[in-house]
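Following: one structure in structure tokens, then a few remarks.
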2 protein chains.
Amino acid sequence: MKQQEVFKAMADPTRRAILKRLQGGPLTAGEIGEAFDITPASLSHHFAVLKHADLVRTERRGQYIVYSLNSTVFEDLARMLMDLFPAKGKVGGKL
Amino acid sequence: MKQQEVFKAMADPTRRAILKRLQGGPLTAGEIGEAFDITPASLSHHFAVLKHADLVRTERRGQYIVYSLNSTVFEDLARMLMDLFPAKGKVGGKL
DNA sequence: TAGATATTTAGATATTTTTCTAAATATTGC
DNA sequence: GCAATATTTAGAAAAATATCTAAATATCTA
């Protein structure tokens with residue numbers, strides 16, 4: 001996992017909002033964009049960053065491109081944090 | 001909790017390394033700095049960012065300033081992530 | 001195939017961030 | 001109080017990032 005890429009991707013509020021929008025399930029680039037006051041080009045840049053960090057997956061469906069969360073990275077992220085902070089009473093366990 | 005500040009603070013590799021160094025317990029600014037090829041002034045800037053995000057605490061001890069991890073933020077961070085990613089089989093629980 | 005729609009890429013600009021040097025502040029010990 | 005040490009603050013330069021407009025690419029539908 002590219003730790004630096006993931007943290008950098010999460011540092012931008014627009015990108016976190018994109019991730020949040022994807023919680024409800026996959027959406028096209030355009031559908032995601034509706035929620036933001038930003039050009040499609042800028043959005044596309046953010047998608048690229050999220051994709052590079054492996055936080056989202058893409059799939060072309062006709063003329064649309066569908067984005068979805070890559071939830072496996074979640075576990076990695078949790079581990080990353082555990083690794084960054086002291087154990088403090090065995091919170092870790094299974095996760 | 002200042003979500004934006006926390007994520008921004010964690011986005012820099014030097015700052016993550018500082019946090020990691022503090023896992024073993026409190027250290028003075030100078031002791032932390034030994035591990036990095038960076039000026040004290042730059043280090044101080046990083047400390048300020050971490051402090052602003054409430055990730056570290058400071059205490060003056062004589063002519064030294066001692067930094068320590070603020071572990072309570074850890075829980076907040078975990079929660080933040082839970083909030084950003086879908087539940088996926090009740091991983092959350094107690095934490 | 002041509003026109004319309006969806007998305008990305010290229011290139012430029014503005015903002016933010018990191019880092020530095022120099023100077024300021026705080027504290028210790030003589 | 002003065003010199004030495006530890007750290008921060010101020011201000012500037014360099015690097016990275018976010019955003020935009022314009023143009024390119026991919027796909028659909030008539």
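First the proteins, then the strands, lettered A, B, ... as listed; each starts at 1.
The side chain of A:Thr28 contributes an N or O atom lying less than 4.0 Å from OP1 or OP2 of C:dT7. In this structure, B:His45 does not reach the D:dA10 phosphate: none of its side-chain N or O atoms is under 4.0 Å from OP1 or OP2.
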Item to check | Bracket string, DNA chain D, 5' to 3' - pairs by Watson-Crick or G-U geometry under 3.5 Å, | interstrand | outcome: ||||||||||||||||||||||||||||||

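Taking the salt bridge (Lys or Arg N to Asp or Glu O under 4.0 Å) definition, one finds that B:Lys20 meets it with A:Asp83, sequence neighbours left out. Take B:Gln3 and apply the side chain to side chain donor-acceptor pair (under 3.5 Å) test, not counting sequence neighbours, and it matches no residue. Residues that satisfy the side chain to side chain donor-acceptor pair (under 3.5 Å) test with B:Gln4, not counting sequence neighbours, are A:Arg16. Under the side chain to side chain contact (heavy atoms under 4.5 Å, CB included) criterion, B:Pro40 pairs with no residue, sequence neighbours left out. Remark: A:Ser42 engages A:Thr39 in a side chain to side chain donor-acceptor pair (under 3.5 Å) (not counting sequence neighbours).
Residues in residues 7-60 of chain A take part in these ring-ring contact (aromatic ring centres under 6.0 Å, His included) pairs, two or more places apart or across chains: A:Phe47-A:Tyr67. For residues 28-43 of chain A, the set of pairs meeting the salt bridge (Lys or Arg N to Asp or Glu O under 4.0 Å) definition, not counting sequence neighbours, is empty. For residues 48-60 of chain A, every residue pair satisfying the salt bridge (Lys or Arg N to Asp or Glu O under 4.0 Å) rule, not counting sequence neighbours, is listed here: A:Asp54-A:Arg57, A:Glu59-A:Arg61.
Rounded to whole angstrom, the span from the CZ atom of A:Phe47 across to the C1' atom of C:dA6 amounts to 11 Å. Straight-line distance from the CG atom of B:Leu50 to the C1' atom of C:dT18: 14 Å, rounded to whole Å. Rounding to whole angstrom units, CD1 of residue A:Ile32 and P of C:dT7 are separated by 9 Å.
The backbone N or O of B:Ala9 sits less than 3.5 Å from a side-chain atom of B:Arg15, completing a donor-acceptor pair.
The minimum heavy-atom distance between A:Pro26 and A:Val66, with the atom names listed, is CB-CG1, 3.5 Å.
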Checklist outcome for this item: A correct 5'-to-3' footprint of nucleotides 20-30 of chain D, with B, S and - meaning base, sugar-phosphate only and no protein heavy atom under 4.0 Å, is BBB---SBS--

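Using a 4.0 Å heavy-atom distance criterion, A:Phe36 is classed as making no nucleic acid contact.
Listed in residue order, the members of residues 4-17 of chain A having a heavy atom less than 4.0 Å from DNA chain D are A:Lys8, A:Asp12, A:Arg15.
B:Leu50 places a side-chain heavy atom less than 4.5 Å from the side chain of B:Leu55.
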